[in-house]
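Please read all numbers here as calculations on a predicted model, not as lab measurements. In listed order, ligands and their atoms are each counted from 1.
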Amino acid sequence: MLRGGIIGAGFFAGNHLNGWNMVEGAEIVALCDTDPDRLANMGNAFGIKALFSDAARMLDSEDLDFVDIITTVSSHRALVELAIGKGVNVICQKPFAENLDDARAMVHAADAAGRTLMVHENFRWQSPIRAAIDAIRDNAIGTPFFCRAAFRSGYDVFAGQPYLAKGQRFIIEDLGIHVLDVVRALMGDVTRVAAHMTRINPNIMGEDVATILLSHDSGMASVVDCSYATQRTPETFPETLLEVDGDKGSLYLKAGYQLEIHKDGSIETRDVSPPLLDWAERPWHNIQESVYIIQKHFVDCLTHGTTPETSGADNIKTLTLVEAAYRSAAGGQTIATTAL
Ligand code: NAD
Ligand code: 89V
């Protein structure tokens with residue numbers, strides 16, 4: 001049984017703890033947060049006795065195989081390097097890093113120490129998204145030549161995550177990062193990025209609308225469009241909607257988790273709704289299930305000595321798209337990913 005410690009007992013941590021309770025082969029034995037109330041409440045709720053206000057003390061006191069870092073991005077590099085330095089494997093929440101230098105330093109540290117470093121980049125692990133990825137990898141529509149991935153919502157995300165209203169960067173860094181990662185999983189890596197962004201909500205600091213054009217290694221194109229300023233009925237939070245055209249057919253992931261394959265003049269429709277796990281709640285159940293799925297993948301990789309699909313090294317490619325999108329939107333230019 002792998003022994004894990006969690007760092008960060010805030011808004012999202014309960015989902016991780018519920019997910020870990022379902023994962024075979026791992027148990028969470030220790031919890032750390034600098035906020036004493038959050039630490040005590042989460043420890044009580046999940047019956048964790050080994051509680052720490054300092055991550056170094058947790059790592060020194062407990063014999064851990066891995067840590068799960070669920071703090072906001074500014075603390076990631078220090079915590080990842082601390083854990084890797086103690087010889088412990090790491091799964092770290094997105095956004096992995098505030099900049100590419102930090103991301104590269106963390107990946108280098110893990111490689112040098114021979115430890116596994118995975119990013120909790122969970123949208124590509126959502127079961128409806130995975131159904132679309134699997135269909136495309138199984139050649140259901142032939143070779144894809146166009147993708148649109150859209151996340152448009154008016155959901156009040158700031159109620160649960162007030163820090164999102166305070167940063168200079170918002171939707172590309174926090175949400176677009178997931179959608180960009182999904183498009184990489186569907187369409188492959190990216191050579192050039194052109195982006196436009198704006199802010200509609202006057203009560204936040206960063207951008208809440210972004211439209212991003214990606215040119216892929218394959219020569220094909222994708223559009224990622226995200227908004228937290230869109231009023232729509234029904235509200236689709238937190239669904240990512242997909243349209244992918246291939247040379248043999250088209251794939252659509254439509255609102256309400258309906259996957260359609262259009263081919264040879266007919267439509268095959270599959271209901272790919274995520275299950276409502278007993279600890280989950282709508283509309284978050286899609287994301288909540290993906291937390292369990294990605295944790296299971298991490299444990300499988302540790303157990304079999306394989307590289308995670310969303311490793312730190314892989315996630316640098318997604319973070320590069322985030323950086324490129326901000327540079328493009330600021331300067332009005334197309335950015336080559338090799339320039340970053
Ligand atoms: P939060 O601010 O509510 O909680 C973070 C907690 O970490 C706080 O309780 C804080 O006291 C603690 N903390 C910060 N630095 C620490 C340190 N050095 N040592 C110990 N504890 C420390 O944040 P949140 O909303 O739970 O988000 C955490 C991370 O999860 C963010 O990176 C966010 O982007 C990500 N997130 C991901 C998803 C997803 O679907 N993948 C959803 C929500 C949040
Ligand atoms: O993934 C996240 O960090 C969240 C949400 C899915 C709500 O955008 O902020």
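Ring orientation note: the planes of Y228 and F237 are tilted relative to one another, at an angle of 30° to 60°. Between H178 and F123, the ring planes are parallel. Angles under 30° get that label, and only those over 60° would be called perpendicular. H16 and H120 have parallel rings, their planes meeting at less than 30° on a 0 to 90° scale where 60° marks the start of perpendicular.
Heavy-atom contacts of D174 reach the following atoms of ligand 1: 34 (O) (cutoff under 4.0 Å). Taking every heavy atom of T71 and a limit of under 4.0 angstrom, the matching atoms of ligand 1 come to 7 (O), 13 (N), 14 (C), 15 (N), 16 (C), 22 (C), 28 (C), 29 (C), 31 (C), 32 (O). Proximity to T72 (heavy-atom distance under 4.0 Å) selects the following atoms of ligand 1: 2 (O), 23 (O), 31 (C), 32 (O). Near G10, meaning under 4.0 Å from one of its heavy atoms, ligand 1 places the atoms 3 (O), 4 (O), 6 (C), 9 (O), 26 (O). Taking every heavy atom of I287 and a limit of under 4.0 angstrom, the matching atoms of ligand 1 come to 40 (O).
For the residue pair S153 / E235, a side-chain donor-acceptor distance below 3.5 Å is found, with atom types taken as modelled. Side-chain atoms of D225 and T211 include no donor-acceptor pair closer than 3.5 Å. Side-chain polar atoms of E207 and Y326 form a donor-acceptor pair below 3.5 angstrom. Defined by atom type and a distance below 3.5 Å, a donor-acceptor pair is missing between the side-chain atoms of W284 and N15.
Shortest contact from atom 9 (O) of ligand 1 to any protein heavy atom: D33 OD2, 2.7 Å. For atom 32 (O) of ligand 1, the closest non-hydrogen atom on the protein side is K94 O, 2.8 Å. Of the protein's non-hydrogen atoms, Q93 OE1, 3.2 Å is the one closest to atom 37 (C) of ligand 1. Atom 28 (C) of ligand 1 has its closest protein heavy atom at I70 O, 3.3 Å. Protein heavy atom in closest approach to atom 33 (C) of ligand 1: Y163 OH, 3.5 Å. Here the protein heavy atom with the shortest distance to atom 8 (C) of ligand 1 is R38 NH1, 3.2 Å.
Under 4.0 angstrom from ligand 1, the non-hydrogen atoms of I7 all belong to its side chain. Contacts with ligand 1 closer than 4.0 Å are made by no heavy atom of D54, backbone or side chain. Residue contacts with ligand 1 for N122 involve side-chain atoms from C-beta outward but no N, CA, C or O (heavy atoms, distance under 4.0 Å).
A salt bridge does not link R104 to E323: none of the charged nitrogens lies less than 4.0 Å from a carboxylate oxygen. Ion pairing of D181 with R184 is present here, as a side-chain N (NZ or NE/NH1/NH2) and a carboxylate O approach within less than 4.0 Å. With respect to K94 and D174, a salt bridge is recorded, a charged nitrogen being found less than 4.0 Å from a carboxylate O.
Look at P95 and you'll find a heavy atom under 4.0 Å from some atom of ligand 1. Taking 4.0 Å as the cut-off, H178 counts as a neighbour of ligand 1 on heavy-atom distance.
For the atom pair H285 NE2 and S290 OG, the distance stands at 11.0 Å (nearest 0.5 Å). With rounding to the nearest 0.5 angstrom, the NZ atom of K166 is 11.5 Å from the CZ atom of F158.
Note: no N/O pair closer than 3.5 Å links L79 and ligand 1 by distance alone.
Within 4.0 Å of ligand 2, contacts by protein heavy atoms are made from K94, F123, V157, Q161, L164, D174, L175, H178, Y228, F237, W284, I287.
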**Request:** For E121 and T318, run side-chain hydrogen bond (donor to acceptor under 3.5 Å, both in side chains): C-alpha distance rounded to whole Å, both residues' side-chain angles, the deciding distance at 0.1 Å, then the answer.
**Result:** CA-CA 10 Å; E121 178 40 79; T318 297; over 6 Å; no
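Taking the six-membered ring wherever Trp is involved, the centroid distance between the rings of F46 and W279 does not fall below 6.0 Å.
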